[in-house]
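Protein chains get the first letters and strands the later ones, always in sequence-line order, with residue 1 at the start of each. The structure presented is a predicted model; accordingly, all values stated were derived computationally and were not measured.
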Number of protein chains: 2
Amino acid sequence: MAVGRPRGFDVDERLDRALEVFWRQGYEGTALSDLTEAMGINRPSLYSAYGNKEELFRAVVLRYAEGPGGHLRAALLAPTARAVVERLLRGTVEVVTARDHGGCLFVQAALATGEQGGRPRDELASWRRSGELELRRRLQRARDEGDLPGDLDAADLARHVMTTSHGLAVQATHGATRAELDRVVELFLSGPPWAESPA
Amino acid sequence: MAVGRPRGFDVDERLDRALEVFWRQGYEGTALSDLTEAMGINRPSLYSAYGNKEELFRAVVLRYAEGPGGHLRAALLAPTARAVVERLLRGTVEVVTARDHGGCLFVQAALATGEQGGRPRDELASWRRSGELELRRRLQRARDEGDLPGDLDAADLARHVMTTSHGLAVQATHGATRAELDRVVELFLSGPPWAESPA
DNA sequence: CCCGTTCTGTACCTATCAGTACAGAAGTGT
DNA sequence: ACACTTCTGTACTGATAGGTACAGAACGGG
(Lines give C-alpha, C1' and ligand atoms only; values in the text may rest on other atoms or scores of the structure.)
Protein backbone atom coordinates (compact mmCIF):
# COMPACT_ATOMS: atom_id res chain seq x y z
CA MET A 1 0.00 0.00 0.00
CA ALA A 2 1.23 3.41 -0.89
CA VAL A 3 1.47 6.00 1.83
CA GLY A 4 1.31 9.33 0.04
CA ARG A 5 3.36 12.46 -0.12
CA PRO A 6 4.68 13.42 3.29
CA ARG A 7 3.80 16.78 4.81
CA GLY A 8 6.41 19.37 4.06
CA PHE A 9 6.35 21.09 7.45
CA ASP A 10 6.32 20.33 11.13
CA VAL A 11 2.82 20.63 12.53
CA ASP A 12 3.86 21.65 16.04
CA GLU A 13 6.48 24.11 14.95
CA ARG A 14 4.02 25.93 12.68
CA LEU A 15 1.46 25.81 15.44
CA ASP A 16 3.82 27.91 17.51
CA ARG A 17 3.84 30.52 14.78
CA ALA A 18 0.06 30.55 14.75
CA LEU A 19 0.17 30.95 18.51
CA GLU A 20 2.20 34.11 18.17
CA VAL A 21 -0.33 35.60 15.78
CA PHE A 22 -3.40 34.76 17.84
CA TRP A 23 -1.61 35.97 20.95
CA ARG A 24 -0.84 39.33 19.42
CA GLN A 25 -4.00 39.90 17.37
CA GLY A 26 -6.70 37.91 19.13
CA TYR A 27 -9.09 35.46 17.52
CA GLU A 28 -11.28 37.84 15.57
CA GLY A 29 -8.38 40.14 14.75
CA THR A 30 -6.56 37.35 12.99
CA ALA A 31 -7.36 36.62 9.35
CA LEU A 32 -6.59 33.34 7.69
CA SER A 33 -4.14 35.15 5.45
CA ASP A 34 -2.28 36.36 8.56
CA LEU A 35 -2.00 32.77 9.68
CA THR A 36 -0.91 31.24 6.39
CA GLU A 37 1.66 34.00 5.93
CA ALA A 38 3.10 33.63 9.42
CA MET A 39 3.03 29.86 9.30
CA GLY A 40 4.58 29.71 5.86
CA ILE A 41 2.01 27.30 4.50
CA ASN A 42 -0.92 27.77 2.19
CA ARG A 43 -4.57 27.53 2.89
CA PRO A 44 -5.32 23.92 1.94
CA SER A 45 -2.36 22.73 3.99
CA LEU A 46 -3.69 24.62 6.99
CA TYR A 47 -7.14 23.15 6.61
CA SER A 48 -5.90 19.62 6.14
CA ALA A 49 -3.54 19.81 9.11
CA TYR A 50 -5.65 21.71 11.64
CA GLY A 51 -9.28 21.60 10.50
CA ASN A 52 -10.39 25.19 10.35
CA LYS A 53 -9.73 28.50 12.04
CA GLU A 54 -11.65 27.62 15.16
CA GLU A 55 -10.01 24.23 15.58
CA LEU A 56 -6.61 25.71 14.90
CA PHE A 57 -7.29 28.21 17.64
CA ARG A 58 -8.25 25.41 19.99
CA ALA A 59 -4.98 23.64 19.24
CA VAL A 60 -3.14 26.89 19.85
CA VAL A 61 -4.82 27.36 23.21
CA LEU A 62 -3.90 23.86 24.26
CA ARG A 63 -0.32 24.45 23.29
CA TYR A 64 -0.31 27.73 25.17
CA ALA A 65 -1.64 26.00 28.25
CA GLU A 66 1.21 23.51 28.13
CA GLY A 67 3.82 26.13 27.28
CA PRO A 68 3.63 29.76 28.38
CA GLY A 69 0.51 29.10 30.42
CA GLY A 70 2.11 26.25 32.30
CA HIS A 71 3.50 28.44 35.05
CA LEU A 72 0.24 28.17 36.97
CA ARG A 73 0.43 24.42 37.35
CA ALA A 74 4.11 24.64 38.14
CA ALA A 75 3.45 27.16 40.88
CA LEU A 76 1.05 24.80 42.62
CA LEU A 77 4.01 22.58 43.54
CA ALA A 78 5.53 25.18 45.83
CA PRO A 79 5.56 24.13 49.49
CA THR A 80 3.50 26.86 51.15
CA ALA A 81 0.42 28.81 50.17
CA ARG A 82 2.38 32.02 50.10
CA ALA A 83 5.08 30.48 47.94
CA VAL A 84 2.47 29.12 45.55
CA VAL A 85 0.94 32.56 45.16
CA GLU A 86 4.27 34.26 44.75
CA ARG A 87 5.45 31.81 42.12
CA LEU A 88 2.17 32.05 40.28
CA LEU A 89 2.20 35.83 40.13
CA ARG A 90 5.88 36.11 39.31
CA GLY A 91 5.35 33.57 36.57
CA THR A 92 2.49 35.64 35.23
CA VAL A 93 4.66 38.75 35.17
CA GLU A 94 7.34 36.91 33.28
CA VAL A 95 4.98 35.56 30.65
CA VAL A 96 2.98 38.73 30.06
CA THR A 97 6.10 40.86 29.63
CA ALA A 98 8.22 38.35 27.75
CA ARG A 99 7.39 39.25 24.16
CA ASP A 100 7.34 42.60 22.46
CA HIS A 101 3.58 42.24 22.45
CA GLY A 102 2.41 41.89 26.01
CA GLY A 103 -0.35 40.05 27.75
CA CYS A 104 -1.82 36.61 28.19
CA LEU A 105 -3.52 34.64 25.47
CA PHE A 106 -6.22 33.39 27.84
CA VAL A 107 -7.17 36.96 28.66
CA GLN A 108 -6.82 38.90 25.48
CA ALA A 109 -7.44 36.58 22.56
CA ALA A 110 -11.24 36.64 22.83
CA LEU A 111 -12.55 38.65 25.75
CA ALA A 112 -15.49 40.31 24.01
CA THR A 113 -16.47 39.02 20.59
CA GLY A 114 -19.15 38.95 17.97
CA GLU A 115 -21.15 35.89 17.17
CA GLN A 116 -18.50 33.99 15.28
CA GLY A 117 -16.04 34.38 18.13
CA GLY A 118 -18.47 33.04 20.70
CA ARG A 119 -17.06 29.55 21.01
CA PRO A 120 -13.41 30.63 21.31
CA ARG A 121 -14.47 33.22 23.88
CA ASP A 122 -16.33 30.68 25.97
CA GLU A 123 -13.45 28.27 25.79
CA LEU A 124 -10.98 30.82 27.04
CA ALA A 125 -13.36 31.74 29.83
CA SER A 126 -13.49 28.09 30.76
CA TRP A 127 -9.70 27.85 30.82
CA ARG A 128 -9.50 30.84 33.12
CA ARG A 129 -12.05 29.36 35.46
CA SER A 130 -10.32 26.02 35.54
CA GLY A 131 -7.01 27.67 36.40
CA GLU A 132 -8.68 29.37 39.31
CA LEU A 133 -10.21 26.08 40.37
CA GLU A 134 -6.83 24.36 40.46
CA LEU A 135 -5.40 27.13 42.57
CA ARG A 136 -8.36 26.97 44.88
CA ARG A 137 -7.90 23.28 45.46
CA ARG A 138 -4.24 23.81 46.24
CA LEU A 139 -5.09 26.54 48.74
CA GLN A 140 -7.77 24.40 50.27
CA ARG A 141 -5.14 21.76 50.89
CA ALA A 142 -2.89 24.40 52.40
CA ARG A 143 -5.66 25.36 54.77
CA ASP A 144 -6.25 21.75 55.71
CA GLU A 145 -2.54 21.49 56.46
CA GLY A 146 -2.74 24.52 58.74
CA ASP A 147 -0.79 26.66 56.29
CA LEU A 148 -3.66 29.15 56.05
CA PRO A 149 -6.14 30.39 58.68
CA GLY A 150 -9.04 28.04 59.21
CA ASP A 151 -11.62 30.77 58.72
CA LEU A 152 -10.24 31.74 55.33
CA ASP A 153 -12.22 30.82 52.24
CA ALA A 154 -9.79 29.26 49.79
CA ALA A 155 -12.09 30.14 46.90
CA ASP A 156 -11.97 33.81 47.85
CA LEU A 157 -8.21 33.87 48.07
CA ALA A 158 -7.87 31.99 44.78
CA ARG A 159 -10.17 34.50 43.13
CA HIS A 160 -8.19 37.36 44.59
CA VAL A 161 -4.95 35.95 43.24
CA MET A 162 -6.37 35.22 39.80
CA THR A 163 -7.89 38.68 39.65
CA THR A 164 -4.43 40.14 40.06
CA SER A 165 -2.96 37.66 37.61
CA HIS A 166 -5.48 38.67 34.95
CA GLY A 167 -5.03 42.31 35.84
CA LEU A 168 -1.28 41.97 35.30
CA ALA A 169 -2.03 40.68 31.83
CA VAL A 170 -4.10 43.77 31.09
CA GLN A 171 -1.42 46.07 32.48
CA ALA A 172 1.12 44.48 30.16
CA THR A 173 -1.00 45.25 27.12
CA HIS A 174 -0.73 48.94 27.77
CA GLY A 175 2.96 48.98 28.31
CA ALA A 176 3.68 48.23 31.97
CA THR A 177 7.24 47.01 32.36
CA ARG A 178 8.41 43.93 34.13
CA ALA A 179 9.89 45.96 36.97
CA GLU A 180 6.61 47.79 37.46
CA LEU A 181 4.62 44.59 37.56
CA ASP A 182 7.08 42.99 39.93
CA ARG A 183 6.33 45.78 42.36
CA VAL A 184 2.64 45.02 42.00
CA VAL A 185 3.38 41.47 43.04
CA GLU A 186 5.31 42.68 46.05
CA LEU A 187 2.47 44.94 47.08
CA PHE A 188 0.07 42.07 46.63
CA LEU A 189 2.14 39.86 48.90
CA SER A 190 2.62 42.45 51.60
CA GLY A 191 -0.91 43.89 51.44
CA PRO A 192 -1.90 47.53 51.20
CA PRO A 193 -0.18 50.01 53.52
CA TRP A 194 -3.16 50.10 55.86
CA ALA A 195 -3.32 46.30 56.22
CA GLU A 196 -3.51 44.97 59.72
CA SER A 197 -2.11 41.69 60.89
CA PRO A 198 -4.47 38.79 60.40
CA ALA A 199 -6.69 38.24 63.37
CA MET B 1 -32.05 80.39 4.24
CA ALA B 2 -33.44 76.91 4.32
CA VAL B 3 -32.23 74.64 7.08
CA GLY B 4 -32.89 71.15 5.83
CA ARG B 5 -34.71 68.13 7.06
CA PRO B 6 -34.13 67.58 10.76
CA ARG B 7 -32.54 64.38 11.96
CA GLY B 8 -35.11 61.79 12.89
CA PHE B 9 -33.34 60.44 15.95
CA ASP B 10 -31.49 61.58 19.02
CA VAL B 11 -27.75 61.32 18.50
CA ASP B 12 -26.85 60.69 22.14
CA GLU B 13 -29.60 58.20 22.77
CA ARG B 14 -28.57 56.08 19.78
CA LEU B 15 -24.96 56.42 20.86
CA ASP B 16 -25.92 54.60 24.04
CA ARG B 17 -27.23 51.73 21.98
CA ALA B 18 -23.97 51.59 20.05
CA LEU B 19 -22.19 51.59 23.39
CA GLU B 20 -24.02 48.47 24.43
CA VAL B 21 -23.00 46.67 21.28
CA PHE B 22 -19.32 47.64 21.42
CA TRP B 23 -19.28 46.80 25.11
CA ARG B 24 -20.62 43.33 24.54
CA GLN B 25 -18.91 42.44 21.27
CA GLY B 26 -15.74 44.52 21.20
CA TYR B 27 -14.56 46.71 18.36
CA GLU B 28 -13.59 44.08 15.84
CA GLY B 29 -16.43 41.80 16.84
CA THR B 30 -18.98 44.44 15.95
CA ALA B 31 -20.13 44.76 12.35
CA LEU B 32 -21.72 47.85 10.94
CA SER B 33 -24.91 45.91 10.45
CA ASP B 34 -24.91 45.10 14.18
CA LEU B 35 -24.68 48.79 14.90
CA THR B 36 -27.32 49.99 12.47
CA GLU B 37 -29.69 47.30 13.66
CA ALA B 38 -29.20 48.07 17.35
CA MET B 39 -29.31 51.80 16.80
CA GLY B 40 -32.38 51.63 14.60
CA ILE B 41 -30.89 53.82 11.90
CA ASN B 42 -29.53 53.03 8.50
CA ARG B 43 -26.02 53.23 7.22
CA PRO B 44 -25.95 56.70 5.65
CA SER B 45 -27.49 58.17 8.79
CA LEU B 46 -24.81 56.58 10.89
CA TYR B 47 -22.05 57.89 8.68
CA SER B 48 -23.45 61.38 8.53
CA ALA B 49 -23.98 61.58 12.28
CA TYR B 50 -20.84 59.90 13.58
CA GLY B 51 -18.29 59.78 10.77
CA ASN B 52 -17.32 56.14 10.47
CA LYS B 53 -16.95 53.05 12.61
CA GLU B 54 -13.73 54.20 14.23
CA GLU B 55 -15.04 57.65 15.06
CA LEU B 56 -18.28 56.20 16.35
CA PHE B 57 -16.24 54.00 18.60
CA ARG B 58 -14.29 56.99 19.84
CA ALA B 59 -17.54 58.78 20.66
CA VAL B 60 -18.76 55.67 22.45
CA VAL B 61 -15.61 55.49 24.54
CA LEU B 62 -15.96 59.11 25.54
CA ARG B 63 -19.53 58.52 26.57
CA TYR B 64 -18.50 55.46 28.53
CA ALA B 65 -15.85 57.47 30.33
CA GLU B 66 -18.45 60.00 31.40
CA GLY B 67 -21.06 57.39 32.27
CA PRO B 68 -20.25 53.89 33.50
CA GLY B 69 -16.54 54.65 33.60
CA GLY B 70 -17.05 57.74 35.72
CA HIS B 71 -16.82 55.89 39.01
CA LEU B 72 -13.05 56.26 39.00
CA ARG B 73 -13.11 60.03 39.02
CA ALA B 74 -15.91 60.01 41.58
CA ALA B 75 -13.88 57.75 43.86
CA LEU B 76 -11.00 60.22 43.90
CA LEU B 77 -13.15 62.60 45.94
CA ALA B 78 -13.24 60.30 48.95
CA PRO B 79 -11.46 61.73 51.99
CA THR B 80 -8.78 59.13 52.66
CA ALA B 81 -6.55 56.98 50.48
CA ARG B 82 -8.19 53.86 51.74
CA ALA B 83 -11.66 55.24 51.08
CA VAL B 84 -10.63 56.27 47.57
CA VAL B 85 -9.41 52.78 46.83
CA GLU B 86 -12.44 51.13 48.32
CA ARG B 87 -14.85 53.33 46.41
CA LEU B 88 -12.94 52.79 43.21
CA LEU B 89 -12.93 49.02 43.49
CA ARG B 90 -16.52 48.78 44.67
CA GLY B 91 -17.51 51.01 41.78
CA THR B 92 -15.66 48.71 39.42
CA VAL B 93 -17.47 45.68 40.77
CA GLU B 94 -20.78 47.39 40.29
CA VAL B 95 -20.10 48.40 36.71
CA VAL B 96 -18.59 45.13 35.54
CA THR B 97 -21.43 43.06 36.95
CA ALA B 98 -24.29 45.42 36.14
CA ARG B 99 -25.35 44.14 32.73
CA ASP B 100 -26.09 40.65 31.59
CA HIS B 101 -22.86 40.87 29.66
CA GLY B 102 -20.05 41.55 32.10
CA GLY B 103 -16.85 43.49 32.02
CA CYS B 104 -15.44 46.90 31.29
CA LEU B 105 -15.39 48.54 27.89
CA PHE B 106 -11.91 49.95 28.43
CA VAL B 107 -10.57 46.47 29.05
CA GLN B 108 -12.43 44.21 26.70
CA ALA B 109 -13.43 46.19 23.63
CA ALA B 110 -10.01 46.05 21.97
CA LEU B 111 -7.35 44.31 24.02
CA ALA B 112 -5.63 42.40 21.22
CA THR B 113 -6.55 43.30 17.67
CA GLY B 114 -5.53 43.01 14.05
CA GLU B 115 -4.29 45.91 12.04
CA GLN B 116 -7.61 47.66 11.58
CA GLY B 117 -8.26 47.66 15.30
CA GLY B 118 -4.91 49.19 16.12
CA ARG B 119 -6.07 52.73 16.74
CA PRO B 120 -9.04 51.79 18.93
CA ARG B 121 -6.77 49.46 20.88
CA ASP B 122 -4.18 52.15 21.47
CA GLU B 123 -6.82 54.61 22.51
CA LEU B 124 -8.26 52.28 25.10
CA ALA B 125 -4.77 51.59 26.40
CA SER B 126 -4.30 55.30 26.75
CA TRP B 127 -7.55 55.66 28.69
CA ARG B 128 -6.48 52.93 31.06
CA ARG B 129 -3.14 54.57 31.63
CA SER B 130 -4.70 57.95 32.23
CA GLY B 131 -7.08 56.51 34.81
CA GLU B 132 -4.12 55.06 36.65
CA LEU B 133 -2.36 58.39 36.45
CA GLU B 134 -5.29 60.20 38.04
CA LEU B 135 -5.39 57.71 40.87
CA ARG B 136 -1.66 58.03 41.34
CA ARG B 137 -1.88 61.78 41.70
CA ARG B 138 -4.63 61.43 44.25
CA LEU B 139 -2.57 58.95 46.24
CA GLN B 140 0.46 61.17 45.99
CA ARG B 141 -1.57 63.92 47.57
CA ALA B 142 -2.69 61.52 50.27
CA ARG B 143 0.92 60.74 51.02
CA ASP B 144 1.80 64.42 51.16
CA GLU B 145 -1.02 64.86 53.64
CA GLY B 146 0.36 62.09 55.81
CA ASP B 147 -2.47 59.75 54.91
CA LEU B 148 -0.06 57.16 53.53
CA PRO B 149 3.43 56.13 54.67
CA GLY B 150 6.17 58.44 53.40
CA ASP B 151 8.21 55.60 51.95
CA LEU B 152 5.32 54.33 49.86
CA ASP B 153 5.48 54.88 46.12
CA ALA B 154 2.09 56.22 45.06
CA ALA B 155 2.66 54.99 41.52
CA ASP B 156 3.14 51.46 42.78
CA LEU B 157 -0.01 51.52 44.86
CA ALA B 158 -2.00 53.05 42.02
CA ARG B 159 -0.79 50.32 39.70
CA HIS B 160 -1.66 47.68 42.25
CA VAL B 161 -5.19 49.03 42.57
CA MET B 162 -5.72 49.35 38.83
CA THR B 163 -4.37 45.86 38.31
CA THR B 164 -7.11 44.55 40.54
CA SER B 165 -9.70 46.79 38.91
CA HIS B 166 -8.81 45.45 35.48
CA GLY B 167 -8.67 41.93 36.85
CA LEU B 168 -12.18 42.32 38.22
CA ALA B 169 -13.32 43.22 34.73
CA VAL B 170 -11.82 40.02 33.39
CA GLN B 171 -13.38 37.95 36.16
CA ALA B 172 -16.77 39.37 35.29
CA THR B 173 -16.43 38.23 31.68
CA HIS B 174 -16.25 34.63 32.77
CA GLY B 175 -19.15 34.77 35.09
CA ALA B 176 -17.96 35.89 38.51
CA THR B 177 -20.89 37.25 40.51
CA ARG B 178 -21.10 40.53 42.30
CA ALA B 179 -20.88 38.84 45.69
CA GLU B 180 -17.75 36.99 44.65
CA LEU B 181 -16.07 40.12 43.41
CA ASP B 182 -17.05 42.03 46.52
CA ARG B 183 -15.11 39.49 48.51
CA VAL B 184 -12.11 40.10 46.26
CA VAL B 185 -12.33 43.77 47.15
CA GLU B 186 -12.46 42.93 50.84
CA LEU B 187 -9.43 40.71 50.53
CA PHE B 188 -7.66 43.44 48.64
CA LEU B 189 -8.38 45.93 51.38
CA SER B 190 -7.34 43.66 54.21
CA GLY B 191 -4.36 42.10 52.45
CA PRO B 192 -3.50 38.42 52.13
CA PRO B 193 -3.75 36.24 55.24
CA TRP B 194 0.00 36.32 55.76
CA ALA B 195 0.21 40.12 55.57
CA GLU B 196 2.13 41.83 58.32
CA SER B 197 1.46 45.27 59.68
CA PRO B 198 3.20 48.00 57.71
CA ALA B 199 6.62 48.79 59.09
C1' DC C 1 -46.30 78.26 -1.09
C1' DC C 2 -42.08 77.12 -2.76
C1' DC C 3 -37.07 76.99 -2.74
C1' DG C 4 -32.94 75.34 -0.70
C1' DT C 5 -31.00 72.24 2.35
C1' DT C 6 -30.48 68.20 4.88
C1' DC C 7 -31.84 63.63 6.03
C1' DT C 8 -33.57 58.79 4.83
C1' DG C 9 -33.80 54.46 2.18
C1' DT C 10 -32.36 51.49 -1.42
C1' DA C 11 -29.10 49.73 -3.91
C1' DC C 12 -24.67 49.41 -4.94
C1' DC C 13 -19.23 49.52 -4.65
C1' DT C 14 -14.67 47.19 -3.85
C1' DA C 15 -12.06 44.46 -0.70
C1' DT C 16 -11.67 40.82 2.14
C1' DC C 17 -13.54 37.11 4.81
C1' DA C 18 -13.44 31.81 5.72
C1' DG C 19 -13.43 27.86 3.17
C1' DT C 20 -12.74 24.58 -1.11
C1' DA C 21 -12.15 22.21 -6.12
C1' DC C 22 -8.95 20.59 -8.79
C1' DA C 23 -4.77 19.52 -11.06
C1' DG C 24 -0.13 18.43 -10.61
C1' DA C 25 3.88 17.34 -7.54
C1' DA C 26 6.12 14.22 -4.38
C1' DG C 27 6.56 10.77 -2.06
C1' DT C 28 6.10 5.07 -0.38
C1' DG C 29 5.26 0.14 -0.94
C1' DT C 30 5.41 -3.51 -4.17
C1' DA D 1 9.31 1.13 -12.64
C1' DC D 2 4.71 1.51 -11.56
C1' DA D 3 0.51 2.25 -8.82
C1' DC D 4 -1.52 4.48 -5.22
C1' DT D 5 -1.99 7.92 -1.84
C1' DT D 6 -1.41 12.29 0.14
C1' DC D 7 0.22 16.93 0.03
C1' DT D 8 0.92 21.56 -2.37
C1' DG D 9 -0.29 25.62 -5.20
C1' DT D 10 -3.47 28.21 -7.86
C1' DA D 11 -7.60 29.81 -8.47
C1' DC D 12 -11.98 30.05 -7.21
C1' DT D 13 -16.58 30.17 -4.24
C1' DG D 14 -20.46 32.65 -1.78
C1' DA D 15 -20.88 35.68 2.03
C1' DT D 16 -19.90 39.66 4.35
C1' DA D 17 -16.94 43.54 5.57
C1' DG D 18 -16.88 48.87 5.66
C1' DG D 19 -18.28 52.58 3.00
C1' DT D 20 -21.01 55.47 -0.58
C1' DA D 21 -24.10 57.33 -4.88
C1' DC D 22 -28.24 58.76 -5.76
C1' DA D 23 -33.05 59.69 -5.75
C1' DG D 24 -36.81 61.08 -3.15
C1' DA D 25 -38.82 62.58 1.37
C1' DA D 26 -39.24 66.06 4.98
C1' DC D 27 -38.59 69.90 6.92
C1' DG D 28 -37.40 75.56 7.76
C1' DG D 29 -36.98 80.27 5.97
C1' DG D 30 -38.53 83.61 2.82
Side-chain angles (χ1 to χ4, degrees), chain A residues 1-15 17-18 21-22 24-61 109-110 112-121 123, chain B residues 1-15 17-18 21-22 24-61 109-110 112-121 123:
Chain A
M1 270 304 163
V3 118
R5 177 175 176 175
R7 188 167 275 137
F9 59 94
D10 182 84
V11 173
D12 284 340
E13 183 225 327
R14 305 303 169 107
L15 191 59
R17 304 202 206 171
V21 179
F22 277 127
R24 190 174 45 234
Q25 307 193 352
Y27 180 76
E28 286 182 330
T30 300
L32 234 40
S33 55
D34 295 329
L35 292 166
T36 54
E37 192 180 343
M39 299 169 83
I41 62 181
N42 47 35
R43 232 164 252 251
S45 298
L46 188 153
Y47 276 86
S48 102
Y50 307 97
N52 60 17
K53 187 186 176 185
E54 200 176 299
E55 293 177 52
L56 171 57
F57 182 73
R58 194 172 301 125
V60 155
V61 169
T113 70
E115 203 171 337
Q116 69 168 0
R119 292 253 298 264
R121 180 195 59 216
E123 279 171 20
Chain B
M1 270 304 163
V3 118
R5 176 175 178 178
R7 189 169 273 136
F9 59 93
D10 182 85
V11 173
D12 284 341
E13 184 225 326
R14 305 302 170 107
L15 192 58
R17 305 202 206 169
V21 180
F22 277 129
R24 189 173 46 235
Q25 308 193 352
Y27 180 76
E28 286 181 329
T30 300
L32 252 110
S33 54
D34 296 329
L35 292 166
T36 55
E37 191 180 343
M39 298 169 83
I41 62 180
N42 47 34
R43 234 164 249 253
S45 299
L46 188 152
Y47 277 85
S48 103
Y50 307 97
N52 60 17
K53 187 185 177 187
E54 201 175 299
E55 293 177 51
L56 171 58
F57 182 73
R58 194 172 300 124
V60 156
V61 169
T113 70
E115 203 170 338
Q116 71 168 359
R119 292 253 298 263
R121 180 195 59 216
E123 278 170 21

When rounded to whole Å, the CG to P distance for the pair B:N42 and D:dA25 reads 15 Å

Relative to each other, are the rings of B:Y27 and B:F22 parallel, tilted or perpendicular (30° and 60° limits)? parallel

Practice problem: Determine: side-chain N/O of B:S45 to OP1/OP2 of C:dT8, distance under 4.0 Å, yes or no. | Solution: yes

Sorted by position of nearest nucleotide on DNA chain C, 5' first, the leading residue of B:F9 and A:G4 is B:F9

* Report which part of the nucleic acid B:T36 touches: base, sugar-phosphate, or nothing (heavy-atom distance under 4.0 Å, all strands). => nothing

Atom CZ of B:R43 and atom C1' of C:dC12 are separated, to the nearest Å, by 11 Å

note: A:Y47, atom OH; C:dC17, atom P; distance rounded to Å ~ 11 Å

Of B:P44 and A:R7, the one whose closest nucleotide on DNA chain D sits nearer the 5' end is A:R7

A:E37 CD to C:dT16 C1', in whole Å, measures 14 Å

Contact class for B:P6 vs. all strands (heavy atom < 4.0 Å): base, sugar-phosphate, or nothing?
sugar-phosphate

Under the 3.5 angstrom rule, does the side chain of B:Y50 hit a backbone N or O of B:V11 as a donor-acceptor pair? yes

A:L32 atom CG is separated from D:dA17 atom P, nearest whole Å, by 17 Å

Taking for B:V3 and for A:E28 the nucleotide of DNA chain C with the nearest heavy atom, the one nearer the 5' end belongs to B:V3

Looking only at D:dT10, D:dG18, C:dA18, the nucleotide nearest the B:K53 side chain is D:dG18

So CZ of A:R119 and OG1 of A:T113: to nearest 0.5 Å the spacing works out to 12.0 Å

Rounded to whole Å, the CZ-P distance (B:R5 to D:dC27) equals 7 Å

Separation of D:dG19 atom C1' from B:L46 atom CG, nearest Å, is 11 Å

Are B:L35 and B:I41 side-chain neighbours, meaning at least one heavy-atom pair lies under 4.5 Å? no

From CG of A:N52 across to C1' of C:dG19 the rounded distance in Å is 9 Å

_Counting only heavy atoms not in A:E13 (residues, nucleotides, ligands), do more than 12 fall under 6.0 Å from its CD?_
yes

With respect to the phosphate group of C:dC17, does any side-chain polar atom (N or O) of A:S33 fall under 4.0 Å of OP1 or OP2?
-> yes

